[in-house]
Engineer: 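Quick one: the structure is below, and I'll ask about it shortly.
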Amino acid sequence: MQIEAVREGVFEGKPGFPIQYGPERTDHQPGIPFWPHEVYRDLVIVFILVAIIFFMSALWTPIVGPSANPAVQPFSVPDWYLLFSWGLLKIADLFPEGRIPDGLGGTINVDAAFWGDVLSLIPILPMFLIPFIDRGRETRPAKAPIRSAAGMYMIAFVFFASVYATNDRIIATWSFVHDDMLKWFFIVPPILVGIASYVGIRRLGFRDMYWWLVVSVGAAFTLVTTVAIQVFLLGPWGADGIDPVTRLGHLFGNASGQPLFWFVLIVIVYTGILFFATALLRERKAKGIVMIASLATFFLVAGLVKFFADTNPTGNLLALRVLAYHGNWFVALPLFALITFYVGTRTPYSTYEYLLNECYQCGKCHTVCPVTKVEDDALGGLNLVYNTFKKQHDGVPLWTCLACDACSAVCPLDIKYSDYILEERSKAMAPKTAADRGRHAG
Amino acid sequence: MPRESLIGRMYRKVFGYLASRFPPTPWSDLTRRTVETVQRQVPRSHAEKYELKTIWYWYPLYCLGGISFVAFITLTITGILLGFYYIPDGTIEYTFNQEVTSRAYQSMQFIMNDIPFGFMIRGMHHWGAHIMIAAVFLHMMRVYFTGAYKKPRELNWLLGAVLMIITLLFGYSGYVLPANDLSRAAATIGINMTKAAPGPAWLGQFATMLLFGEPDPTGFYIIRMYWLHVFVLPLVGILLMIAHMALVWIQGVAEPH
């Protein structure tokens, strides 16, 4: 009785509602039994976790250390999960201090600790606002590039804030690192990580990348050049306190400026090659050029470091200090350009994954597909997108598809089936690598 | 057709908002039926139902909330055991050799050196805490990147955010307890940051006296942090955890798709 009532309510096959093709619906498959399947599956995880905790405590005993002593100023690093807050507390003295009235007759004391508190809200406050800011329906990270890039930015921000918290340890370990360079960690690397993530995730969605790549890599090239000019003509050398006249002497006459000149030149030329390859060359050729340029630059820099360490140790050390002082530009930007170029031009490994697997078998695509009306192999029983995704078709849609986009027009999930077809065809016809012995050459 | 009254519209708006997030479901009946069923079934996830093999590598990320819960249970058990021996008294004392110590520090030494496997219990408490905090961080990242905080799960995201702050407070109050040099350094930073709480000056003073009990770390802060660590935070945390997991049960897991 109930079944009949349900059938009455189904529109399929009634006038205006075409019959559902494709495999039978699988929505009503039973789940897995709670006992024993699910319990065993959970117990495996519980046992592994307890075993890990047990062995960690057996291998690395947490030492208690000396007692708290009011007479001794403690020098300790907090646990890693509070480092970000400490890092933000450490840069708090960059901000203006003073007193402001609180409107109740008293004053608010604005000092470093106050700014430390306020800055610690940077990662915490957005956490409470996210569900009310981002109200779209897209949940996949690959389909929501802005959200994913913002998340990567925040992770990078917290990470580099934690790194900055250990700045005195870092400087004690590597004497050429300067605190000014570490302070830029709060601004430059998180932004670079965010932009590179955005570009890479857009690429996963097979979207046009040209202008994103040209602007990102071009900006890196421009910044590197600007900072290089600033270093040579105007800006600080770092902590060595050389005046501008002596600096120009270093650049054009004095031998101790030579290594720096060559290293900065290499950085500019490398970033420039990346920029012009991105802007002017076709993708495949650009990839080759960038790979050759990267390898050549790597070996050239390594060779020059060795060469100058032998012949000009003073100049080598100076170059190292200045490059480290401007590390956020001369080191991070070329790396950023390379990584952005790579993630922006790489071929996503599977077109199935990003183009088709949202399909929930509604079968509308089959209903409108003109090919299935004339092609014997496709008559009946073919659910266009779903069967392709499950690799259940025999290749007929791949080579008979007209790419008319009728299926995309009716698809409730906006799956671009013809994009997938064209991608697969070009993959099948593209010249292959040397690994298949030239069988598909041409 | 008469226009609906303002009260009626507001009523529909408010209850429509709530009903779209928490649909009226007979939970007591469903629970009774579940308990009385012999062969209970765990429903298949969307990914299992449609055999979406391409995102199999996301599955472990859907376990992180459970991992942090299991770590929390481990921490509860080992914490109860540590509580048998730990003395929350950070008052500075001097031995006959004029060495600085305190009863809390001495009880830590006792746990680490004299009690059989005391160092293992404390080690499990220590590393379990690290694993729990790491799992909570990763859990939050997973929920963020898969957009699982979207409608209808906004409230659960907010609960999770509060729970993450509680977890961080657990960690902080926990590593203040041993009364060693790290404890003192952490208490100094904590007291200074609490004093400078954004707002009028008395707010910071009041918060400092409430949380630490003293304006400078002499040792009294230990008992306040102890009470936070073993009573206040567990009480609030467990209640919120129950609510968090109940909402997951009520609203269902946000599926990978």
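Sequence lines set the chain letters: A, B, ... in the order given, protein chains first and strands last, and positions in each chain run from 1.
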Engineer: Would the number of heavy atoms belonging to other residues, nucleotides or ligands and lying under 6.0 Å from CZ of A:F47 be above 12?
Structural biologist: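 Not buried by this count: 12 neighbours or fewer within 6.0 Å.
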Engineer: Please find the pair of heavy atoms, one from B:M120 and one from A:A58, that lie closest to each other, and give the distance.
Structural biologist: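 Taking every non-hydrogen atom into account, SD-CA, 3.7 Å.
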Engineer: Chain A heavy atoms under 4.5 Å from B:I67: which part of the residue, side chain, backbone, both or neither?
Structural biologist: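 Both parts, heavy atoms under 4.5 Å.
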Engineer: Examine whether an atom of B:Y172 lies under 4.5 Å from a heavy atom of chain A, and if so say whether it belongs to the side chain, the backbone or both; otherwise answer neither.
Structural biologist: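 Both parts, heavy atoms under 4.5 Å.
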Engineer: Is it true that atom CG of A:L121 has more than 12 heavy atoms of other residues, nucleotides or ligands lying nearer than 6.0 Å?
Structural biologist: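 Yes, enclosed.
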Engineer: To the nearest 0.5 angstrom, please state how far the NZ atom of B:K195 sits from the CG atom of A:D117.
Structural biologist: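 With rounding to 0.5 Å, NZ (B:K195) is 12.5 Å from CG (A:D117).
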Engineer: By a 4.5 Å heavy-atom criterion (distance strictly below it), what part of B:Y144 contacts chain A: side chain, backbone, both, or neither?
Structural biologist: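 Interface part for B:Y144: both.
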Engineer: Non-hydrogen atoms of chain A under 4.5 Å away: do they reach the side chain of B:K151, the backbone, both or neither?
Structural biologist: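 Contact with chain A involves no heavy atom of B:K151 at all.
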Engineer: Under 4.5 Å, heavy atom to heavy atom, which residues of residues 151-162 of chain A contact chain B?
Structural biologist: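 So far as heavy atoms go, A:G151, A:M152, A:I155 are the residues that approach chain B to under 4.5 Å.
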Engineer: Which bit of B:I92 is near chain A, if near means a heavy-atom gap under 4.5 Å: side chain, backbone, both or neither?
Structural biologist: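 Answer is side chain: those atoms of B:I92 sit under 4.5 Å from chain A.
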Engineer: Does a side-chain heavy-atom distance below 4.5 Å link B:F119 with A:I63?
Structural biologist: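 A side-chain contact under 4.5 Å is absent here.
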Engineer: State, to 0.1 Å, how close A:S67 and B:S102 come at their nearest heavy-atom pair, and which atoms those are.
Structural biologist: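 Heavy-atom minimum between the residues: OG-N, 4.4 Å.
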Engineer: Against chain B, work out which of A:S148, A:P78, A:P70 has the most heavy-atom pairs shorter than 4.5 Å and name it.
Structural biologist: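 Among A:S148, A:P78, A:P70, the one with the most close pairs to chain B is A:P70.
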Engineer: Roughly how far apart are B:M124 CE and A:F55 CZ, rounded to 0.5 Å?
Structural biologist: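 One gets 10.5 Å once the value is rounded to the nearest 0.5 Å.
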Engineer: Taking it one step at a time, do A:I45 and B:V70 satisfy side-chain contact (heavy atoms from CB on, under 4.5 Å)?
Structural biologist: CA-CA 9 Å; A:I45 293 164; B:V70 174; 6.0 Å; no
Engineer: Given side chains that start at C-beta, do those of A:T61 and B:H126 come closer than 4.5 Å, heavy atoms only?
Structural biologist: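 Heavy-atom side-chain distance check fails, nothing below 4.5 Å.
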Engineer: Go through the steps to decide whether A:Y81 and B:T167 satisfy the test side-chain contact (heavy atoms from CB on, under 4.5 Å), and finish with yes or no.
Structural biologist: CA-CA 10 Å; A:Y81 46 84; B:T167 314; over 6 Å; no
Engineer: Say you draw a straight line from CE of B:M140 to CD1 of A:I130; how long is it, rounded to the nearest 0.5 Å?
Structural biologist: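 CD1 of A:I130 is found 7.0 Å from CE of B:M140.
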Engineer: Once rounded to the nearest 0.5 Å, what's the spacing between atom OG1 of B:T74 and atom CZ of A:F54?
Structural biologist: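 The distance works out to 12.5 Å.
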Engineer: Looking at A:P131, is its backbone amide N or carbonyl O close enough to the side chain of B:K150 to form a donor-acceptor pair, meaning the two atoms are under 3.5 Å apart?
Structural biologist: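 Side chain of B:K150 to backbone of A:P131: no pair is present.
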Engineer: Do A:I52 and B:W127 have side chains that approach each other closer than 4.5 Å (heavy atoms only, starting at C-beta)?
Structural biologist: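 Counting from C-beta outward, A:I52 and B:W127 never come under 4.5 Å.
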Engineer: Closest approach of A:P62 and B:R122, non-hydrogen atoms and distance?
Structural biologist: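 Nearest heavy atoms, A:P62 then B:R122: O-NH1, 2.7 Å.
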Engineer: Counting heavy-atom pairs closer than 4.5 Å to chain A, which one of B:I189, B:N192, B:D216, B:V162 comes out on top?
Structural biologist: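 Most pairs with chain A among the choices: B:I189.
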Engineer: Which heavy-atom pair separates B:T146 from A:P141 by the least distance, and what is that distance?
Structural biologist: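 Heavy-atom minimum between the residues: CA-CD, 4.3 Å.
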Engineer: Is A:L89 in contact with chain B via its backbone, its side chain, both, or neither, using a 4.5 Å heavy-atom distance?
Structural biologist: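 The answer is the side chain of A:L89.
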Engineer: Would you indicate whether B:R21, at its atom CZ, is surrounded by more than 12 heavy atoms from other residues, nucleotides or ligands within a distance under 6.0 Å?
Structural biologist: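 Atom CZ in B:R21 is crowded, with more than 12 foreign heavy atoms closer than 6.0 Å.
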Engineer: Do other residues, nucleotides or ligands put more than 12 heavy atoms under 6.0 Å from the CZ atom of B:F69?
Structural biologist: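 No.
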Engineer: Checking side-chain contact (heavy atoms from CB on, under 4.5 Å) for the pair B:I165/A:F128: CA distance, chi angles, key distance, verdict?
Structural biologist: CA-CA 11 Å; B:I165 291 172; A:F128 288 95; 3.8 Å; yes
Engineer: Looking only at non-hydrogen atoms, find the nearest pair between B:M108 and A:V64 and report the distance.
Structural biologist: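 Minimum heavy-atom contact is CB-CG1, 4.3 Å.
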Engineer: Given heavy-atom pairs under 4.5 angstrom as the criterion, report whether the side chain, backbone, both or neither of A:A112 touches chain B.
Structural biologist: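 The answer is neither part of A:A112.
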Engineer: Please classify the contact between B:A161 and chain A as side chain, backbone, both or neither, with a heavy-atom cut-off of under 4.5 Å.
Structural biologist: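 The answer is both parts of B:A161.
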Engineer: Distance only, no hydrogens: is a donor on one side chain within 3.5 Å (strictly under) of an acceptor on the other, for A:W80 and B:H130?
Structural biologist: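 Yes.
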Engineer: Is there side-chain contact between A:N69 and B:R184, with heavy atoms separated by less than 4.5 Å?
Structural biologist: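 No, too far: nothing below the 4.5 Å cut-off.
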Engineer: So which heavy atom on A:D111 is nearest to which on B:A196, and how close?
Structural biologist: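 That would be OD1-CB, 4.3 Å.
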Engineer: Quiz question: by atom type and distance under 3.5 Å, do the side chains of A:D134 and B:Y149 form a donor-acceptor pair?
Structural biologist: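 The criterion, which ignores hydrogens and geometry beyond distance, is satisfied for B:Y149 and A:D134.
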Engineer: Counting neighbours of OH on B:Y17 that are heavy atoms of other residues, nucleotides or ligands and sit closer than 6.0 Å, is the number greater than 12?
Structural biologist: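 Enclosed: over 12 neighbouring heavy atoms sit under 6.0 Å from OH of B:Y17.
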Engineer: Could you state the interatomic distance from OG1 (B:T78) to CD1 (A:I53), rounded to the nearest 0.5 Å?
Structural biologist: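 Output value for this atom pair is 8.0 Å.
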Engineer: Rounded to the nearest 0.5 Å, what separation is found between the CE atom of B:M164 and the CE atom of A:M127?
Structural biologist: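 So the gap between those two atoms works out to 4.0 Å.
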Engineer: Which atoms of B:A134 are under 4.5 Å from chain A, going by heavy atoms: the side chain, the backbone, both sets, or neither?
Structural biologist: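 For B:A134, heavy atoms of backbone and side chain both lie under 4.5 Å from chain A.
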Engineer: Please classify the contact of B:S183 with chain A as side chain, backbone, both or neither, using a heavy-atom distance under 4.5 Å.
Structural biologist: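 For B:S183, there is no contact with chain A at all, as no heavy atom is under 4.5 Å.
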Engineer: Go through the steps to decide whether B:I131 and A:L49 satisfy the test side-chain contact (heavy atoms from CB on, under 4.5 Å), and finish with yes or no.
Structural biologist: CA-CA 9 Å; B:I131 284 180; A:L49 188 70; 3.9 Å; yes
